[in-house]
*Asks:* 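Okay, here's the structure, questions in a sec.
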Protein chains: 4
Amino acid sequence: MEKCDKKETIIQAALELVAEHGFHGAPMAMIAEKAGVGAGTIYRYFDCKDTLIMEIYGIVEERFVTALMEGYPEKGSVRERFLHMGAVLVRHLIAAPLELRFVEQFHNSPYGVAHRREKLFGEREKDIIRELFDEAKQQQIFKDLDLPILFALSFGPLVDVSRDHILKFINLTDQLIEQTVGACWDAVRR
Amino acid sequence: MEKCDKKETIIQAALELVAEHGFHGAPMAMIAEKAGVGAGTIYRYFDCKDTLIMEIYGIVEERFVTALMEGYPEKGSVRERFLHMGAVLVRHLIAAPLELRFVEQFHNSPYGVAHRREKLFGEREKDIIRELFDEAKQQQIFKDLDLPILFALSFGPLVDVSRDHILKFINLTDQLIEQTVGACWDAVRR
Amino acid sequence: MEKCDKKETIIQAALELVAEHGFHGAPMAMIAEKAGVGAGTIYRYFDCKDTLIMEIYGIVEERFVTALMEGYPEKGSVRERFLHMGAVLVRHLIAAPLELRFVEQFHNSPYGVAHRREKLFGEREKDIIRELFDEAKQQQIFKDLDLPILFALSFGPLVDVSRDHILKFINLTDQLIEQTVGACWDAVRR
Amino acid sequence: MEKCDKKETIIQAALELVAEHGFHGAPMAMIAEKAGVGAGTIYRYFDCKDTLIMEIYGIVEERFVTALMEGYPEKGSVRERFLHMGAVLVRHLIAAPLELRFVEQFHNSPYGVAHRREKLFGEREKDIIRELFDEAKQQQIFKDLDLPILFALSFGPLVDVSRDHILKFINLTDQLIEQTVGACWDAVRR
DNA sequence: CATGAATGAGATTTCATTCAT
DNA sequence: GATGAATGAAATCTCATTCAT
């Protein structure tokens with residue numbers, strides 16, 4: 001097993017355990033066992049548990065962005081791009097229930113807040129979502145609301161319905177997904 | 001200090017600590033210290049930590065329902081009632097930031113999910129929100145979507161923006177609140 | 001309820017709880033509840049838990065001696081008195097299973113040993129059992145063994161079989177009791 | 001120090017503390033300190049305190065059986081074997097005072113009773129003692145009494161005198177031991 | 001590099017005892 | 001006298017982290 005593989009294994013084990021049992025239910029020893037490595041080995045790859053969690057979050061987020069980019073209609077209208085992004089988001093969350101659960105755990109931890117703050121106001125390179133929203137505001141397609149509010153209107157419901165689907169409270173079909181994303185569009189569009 | 005006061009004090013201390021530092025950051029000893037009581041005293045009022053958390057959730061939920069009812073225009077149109085409820089919700093969440101943070105912690109715990117499941121499908125007396133939504137669906141004012149999806153479109157964003165306000169990512173004025181709730185209305189209405 | 005009654009009630013409650021659940025399973029609060037008194041009340045009658053236990057032991061022992069004296073054939077032969085005493089002992093232990101269990105708990109506690117030491121060598125007035133055994137040794141009816149050994153041969157088995165009866169490992173009939181006591185007589189007699 | 005040594009050390013420390021101060025007087029922290037290990041280390045070897053106690057009991061019992069077998073005259077008469085077994089029993093108990101005290105503590109705990117029940121009625125392979133007693137009953141050498149009663153007559157006194165010796169109430173010489181075991185023989189033989 | 005036994009601080013919970021009412 | 005709420009020391013057990021092998 002190569003070095004990279006070992007790190008991957010640890011991350012996957014931690015992701016699953018945190019998603020399934022929460023932070024409480026994912027002690028380092030259990031992560032190590034599930035990953036099939038020694039407990040001390042984890043510390044060769046991560047400074048401490050917090051670092052491990054943070055890094056997993058980063059990876060999950062990246063996979064997430066990658067997913068969003070697949071088939072992204074860069075030349076399409078704002079509406080086309082919005083609908084595409086929303087549908088892809090829901091499909092990704094549903095396809096990766098562990099990652100959704102993990103992200104929710106993460107957001108309610110102290111560093112979750114810090115991370116969100118940095119994301120909203122930090123000096124990060126503009127990502128594709130920001131670009132779309134900025135453009136939509138500039139062209140007065142979107143309502144004149146702060147970015148966080150527009151984000152909330154767009155993605156808040158999508159995350160919620162994805163979780164409800166995973167928990168089997170509802171059953172999201174493709175049609176239902178489109179209708180829901182359409183409703184979000186109604187919320188933000190002028 | 002009276003008996004009732006002491007229980008209240010404990011609840012308040014736990015609420016604050018959980019809201020601020022998460023479940024991890026609220027050990028019983030710290031709750032006791034913050035409440036100014038002995039560690040064992042908590043166990044006169046609550047069987048165990050879980051019970052304490054659950055009871056606090058119940059109280060917070062109740063306060064919440066009470067707040068929603070204040071000035072509720074029972075005779076108003078569906079739209080009027082929806083807008084009122086949304087605005088009141090946001091104002092309440094903003095006015096009780098600790099409770100919002102607490103509820104978010106709670107929802108991502110094992111009993112949080114169980115609680116949500118019971119609420120959606122359980123035989124609880126129909127609450128006022130369900131009534132409003134059922135009526136709106138029946139009259140074909142709302143889109144023809146499952147109840148959980150309509151809930152998500154209505155309240156998901158409101159909770160999100162409230163949190164962003166508390167974290168000072170945005171500053172919600174009365175006007176902004178109304179605009180945001182209006183956007184949610186756009187999302188659910190046919 | 002009179003003062004004396006209250007003390008009695010406490011003692012009975014403690015006796016039952018200790019017998020049934022051991023010292024571990026008999027906290028003061030539980031004793032108080034079972035006795036129907038306040039937790040603090042116990043301390044009006046007993047200095048501390050140890051004192052309570054000791055006093056109960058004294059009472060049980062006394063009841064026990066009283067039982068031994070019932071129908072005691074003072075004028076009978078050593079053998080007659082021995083057999084009577086043994087049979088009465090077993091019947092008493094069987095009739096008062098709580099007391100037997102209590103005594104066994106007691107004997108394995110630190111003060112149990114101290115108590116036994118004092119009993120064997122202390123300056124206590126000679127009790128009826130000592131008298132019988134001393135007489136039997138003097139008349140060379142018993143084997144020439146130390147008193148503790150003769151005690152062990154006489155009563156050790158009787159306590160054991162009584163416990164086995166209580167635990168339903170065996171079923172002691174009158175005949176069986178007599179046979180067993182007879183066997184103990186065979187052990188000690190010359 | 002090797003792995004095996006560490007477990008041994010913990011067992012020895014627990015054995016001594018329980019024997020000396022009872023279950024009450026042997027908290028895990030004290031056991032750890034006496035064993036010279038960290039408090040958490042104990043839990044690498046034993047699931048919980050109960051497991052630790054049970055395992056110690058098993059070890060003590062095994063040593064005990066081993067001791068009984070030393071020099072056992074398999075070809076001897078029932079009487080020879082009985083006398084040998086009794087004497088060896090007493091010598092072993094005296095030589096291992098901690099183990100005797102421990103066993104007595106154990107027997108008066110909830111699992112102690114369960115263990116005894118299983119031993120008397122369970123489907124365990126017949127041990128050497130059962131064999132001897134069954135043979136003696138079949139050949140009508142022993143009185144016609146239930147097995148538990150014969151056990152009580154045989155071993156009850158021996159355990160008692162051993163404890164008295166350890167507590168220095170008496171001083172058991174070889175001759176005294178033989179006489180006492182002889183008295184037990186008188187009790188059970190027809 | 002990898003391991004996993006060892007650690008000990010810290011978490012939850014219990015309970016003998018006190019003391020204001 | 002009687003009460004029982006309050007206490008806090010102490011018990012059991014967990015787990016992030018280290019370090020000798």
Side-chain angles (χ1 to χ4, degrees), chain A residues 1-3 6 10 23-33 35-53, chain B residues 1-3 6-7 10 23-33 35-52, chain C residues 1-3 6 10 23-33 35-53, chain D residues 1-3 6-7 10 23-33 35-52:
Chain A
M1 186 189 286
E2 295 169 36
K3 178 180 172 177
K6 194 159 282 189
I10 293 168
F23 285 102
H24 265 77
M28 294 298 261
M30 201 182 289
I31 293 171
E33 196 191 19
V37 303
T41 306
I42 298 179
Y43 291 86
R44 297 226 131 271
Y45 298 99
F46 309 94
D47 274 356
C48 62
K49 195 176 185 181
D50 285 359
T51 304
L52 170 62
I53 300 299
Chain B
M1 187 187 287
E2 296 168 36
K3 178 184 172 179
K6 192 153 281 187
K7 187 169 180 179
I10 292 167
F23 285 101
H24 258 86
M28 293 301 260
M30 201 182 286
I31 293 171
E33 196 189 18
V37 302
T41 304
I42 299 179
Y43 291 87
R44 291 203 63 70
Y45 297 99
F46 308 94
D47 274 356
C48 61
K49 193 175 186 179
D50 284 0
T51 302
L52 170 62
Chain C
M1 187 188 286
E2 297 169 33
K3 179 181 171 179
K6 195 160 278 189
I10 293 167
F23 284 102
H24 266 77
M28 294 299 261
M30 201 183 288
I31 293 171
E33 195 191 19
V37 303
T41 306
I42 298 180
Y43 291 86
R44 298 226 130 271
Y45 297 100
F46 308 93
D47 274 357
C48 62
K49 195 177 186 181
D50 284 1
T51 303
L52 170 62
I53 300 298
Chain D
M1 187 187 288
E2 296 169 36
K3 178 185 171 179
K6 193 154 279 188
K7 188 171 180 179
I10 292 167
F23 284 101
H24 259 85
M28 294 300 261
M30 200 182 288
I31 293 171
E33 196 189 17
V37 303
T41 304
I42 299 179
Y43 292 88
R44 290 203 62 70
Y45 298 100
F46 308 94
D47 275 354
C48 61
K49 195 176 184 179
D50 283 1
T51 303
L52 170 61

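Just so it is clear: chains get the letters A, B, ... in the order the sequence lines come, proteins before strands, and each one is counted from 1. Values reported hereafter were calculated over all heavy atoms of this structure, with side chains retained and with hydrogens, waters and symmetry mates removed.
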*Asks:* Which one is paired to E:dG10, where only Watson-Crick or G-U wobble pairs with both distances under 3.5 angstrom count?
*Replies:* F:dC13
*Asks:* Picking from E:dT17, E:dT3, F:dA16, which would you name as closest to the side chain of A:Pro27?
*Replies:* F:dA16
*Asks:* When the distance from CD1 of B:Ile42 to P of F:dA5 is rounded to whole Å, what number comes out?
*Replies:*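 Taking atom P of F:dA5 as the reference, CD1 of B:Ile42 is at 16 Å.
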*Asks:* What nucleotide among E:dT7, F:dT18, F:dT7 has an atom nearest to a side-chain atom of B:Val37?
*Replies:* F:dT7
*Asks:* Can you find a pair of side-chain heavy atoms, one from B:Leu52 and one from B:Tyr45, that are under 4.5 Å apart?
*Replies:* no
*Asks:* Taking the side chain of B:Thr41 as its heavy atoms from C-beta onward, which of F:dA2, F:dT17, F:dT7 lies nearest to it?
*Replies:* F:dT7
*Asks:* Please determine, for the side chain of B:Lys6, which listed nucleotide (F:dT7, F:dT12, E:dT17) has the closest atom?
*Replies:* F:dT7
*Asks:* Measure from the side chain of A:Ala39, starting at C-beta and using heavy atoms only, and say which of E:dT3, E:dT14, E:dA5 lies closest.
*Replies:* E:dA5
*Asks:* Toward the 5' end of DNA chain F, which comes first, B:Gly36 or D:Met30, by nearest nucleotide?
*Replies:* B:Gly36
*Asks:* Starting at the 5' end of DNA chain E and moving along, which residue's nearest nucleotide shows up first, C:His24 or D:Gly40?
*Replies:* D:Gly40
*Asks:* For D:Cys48 and for A:Asp50, locate the closest nucleotide of DNA chain F by heavy-atom distance; then report the residue assigned to the nucleotide nearer the 5' terminus.
*Replies:* D:Cys48
*Asks:* Measure the distance from NZ on A:Lys49 to P on F:dA16 and round it to the nearest whole Å.
*Replies:*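 After rounding, the gap between these two atoms is 4 Å.
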*Asks:* Tell which nucleotide pairs with E:dA20, taking only Watson-Crick or G-U wobble pairs whose two distances are both under 3.5 angstrom.
*Replies:*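 The answer is F:dT3, by the H-bond criterion.
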*Asks:* Choosing from E:dA2, F:dA16, F:dA6, which nucleotide comes nearest the side chain of A:Arg44?
*Replies:* E:dA2
*Asks:* Rounded to whole angstroms, how far apart are OH on A:Tyr43 and C1' on F:dC15?
*Replies:* 9 Å
*Asks:* Atom CG of D:Leu52 and atom P of F:dA11: how far apart are they, to the nearest Å?
*Replies:* 15 Å
*Asks:* Mind checking if C:Met28 touches a base, just sugar-phosphate, or nothing, with heavy atoms under 4.0 Å?
*Replies:* base
